[in-house]
Amino acid sequence: MYIVLLGAPGSGKGTAGKVLAEDLKLAHISTGDIFRENLKNETELGKEAKVYMDKGELVPDEVTIKMIEKRLQEDDVKNGAILDGFPRTKAQAESLSNMIKVDMALNIDVDFDEIVSRIANRRSCRGCSEIYNVVFSPSKVEGVCDKCGGELYQREDQKPEVVENRLKVYSESAQELINYYEKEGILYNAKAGDKVGKTSYDVVKEVEEYLKNN
Ligand code: AMP
């Protein structure tokens, strides 16, 4: 089973994706995480992606599609996957349809003002990429990851000016993706929760409902 999560950066789709993948025993594939991993390891792909990521722009389709195609062939994807952050453009959605059968595209609806404040409060672990919110879900010791003891930092693309650009970039292609999956008859909606963690709950509920009816 393949589920695509659509939603703005900061909508909570990353957390929801992890919860869903664990519940359904599917791989969790986040293109943002793959790019960040490559950036950390200073691979050619990472260097290429960094230019776009630092500005909040999309990495070109050609590069991203090739990367996901390779990822989908790995062993852990045998039963399917939760795709988080891919597709982001219509061209990506069309390519994906040629690679796998998408069962469900789940759109997480959010209020942009809420997102800007949420992302500004986000901190990520340099070691294991765990995400914290300094207001709602802070680490036990400030600046230190509960899970691995790594240093917590604010990602370059979580700074307010970059967040605004990411939201602009998202809005430009979001409707096109929503239309694409609506036409395919597999679009489902989940409202983003007003509390951290609530989104995951609603997303899981939506998927459970789908599984009951299919
Ligand atoms: P995310 O963590 O999903 O918000 O992704 C972080 C950044 O990685 C984005 O702002 C883009 O620069 C890049 N990125 C992630 N997924 C894609 C994608 N499907 N297409 C193009 N760029 C992407």
Side-chain angles (χ1 to χ4, degrees), residues 2-18 20-21 27-41 43-72 81-100 102 105-108 110 112 114-116 118-126 128-133 153-178 180-181 192 199 203:
Y2 289 91
I3 300 177
V4 160
L5 293 182
L6 303 176
S11 61
K13 70 178 159 36
T15 313
K18 279 185 199 161
L20 263 187
H28 175 229
I29 302 181
S30 153
T31 38
D33 281 353
I34 304 178
F35 280 131
R36 278 184 288 278
E37 190 62 29
N38 276 276
L39 221 121
K40 198 167 104 186
N41 296 330
T43 66
E44 278 310 308
L45 176 67
K47 283 180 206 156
E48 195 173 355
K50 184 176 182 350
V51 184
Y52 301 94
M53 291 174 79
D54 281 352
K55 289 190 288 196
E57 306 280 344
L58 291 183
V59 178
D61 281 344
E62 201 189 290
V63 178
T64 312
I65 290 169
K66 219 192 284 167
M67 179 177 91
I68 202 89
E69 195 166 16
K70 201 166 139 218
R71 179 67 185 90
L72 286 171
I82 306 296
L83 293 168
D84 163 9
F86 187 95
R88 289 267 234 285
T89 64
K90 191 167 173 227
Q92 291 183 8
E94 286 167 348
S95 301
L96 185 65
S97 297
N98 291 329
M99 295 176 215
I100 53 160
V102 177
L106 202 53
N107 180 41
I108 305 173
V110 243
F112 278 13
E114 169 75 22
I115 290 186
V116 174
R118 246 193 232 180
I119 299 188
N121 290 331
R122 253 191 202 180
R123 297 295 177 270
S124 306
C125 173
R126 281 197 200 279
C128 68
S129 306
E130 185 69 8
I131 293 169
Y132 296 87
N133 179 300
Y153 75 112
Q154 184 172 43
R155 275 173 20 204
E156 193 55 42
D157 66 353
Q158 288 172 349
K159 303 208 161 137
E161 57 287 8
V162 183
V163 170
E164 276 176 26
N165 195 37
R166 285 168 73 197
L167 289 175
K168 185 171 149 271
V169 168
Y170 167 76
S171 308
E172 282 161 7
S173 57
Q175 196 54 49
E176 175 169 88
L177 283 177
I178 289 170
Y180 179 85
Y181 285 116
T199 301
V203 165

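All values below come from the heavy atoms of this structure, side chains included, with hydrogens, waters and symmetry mates left out. As the structure lists them, so they are numbered: ligands from 1, and atoms in each ligand from 1.
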Flag if over 12 foreign heavy atoms under 6.0 Å of NZ, Lys90
no

### Query
Quick one: are Thr64 and Thr89 in side-chain contact, heavy atoms under 4.5 Å?
no

Which of Arg123, Arg122, Gln158 passes side-chain contact (heavy atoms from CB on, under 4.5 Å) with Ile131? Answer is Arg122

- Is the count of non-hydrogen atoms from other residues, nucleotides or ligands lying under 6.0 Å from Lys50 atom NZ greater than 12? no

Distance filter under 4.0 Å, heavy atoms only, around ligand 1 gives Thr31, Gly32, Phe35, Arg36, Met53, Glu57, Leu58, Val59, Thr64, Gly85, Phe86, Arg88, Gln92, Arg155, Asp157, Arg166

For Asn38 and Thr43 the tightest heavy-atom approach is OD1-OG1, 2.7 Å

Review point. Hey, does Tyr181 have a side-chain heavy atom less than 4.5 Å from the side chain of Asn107?
Key: no

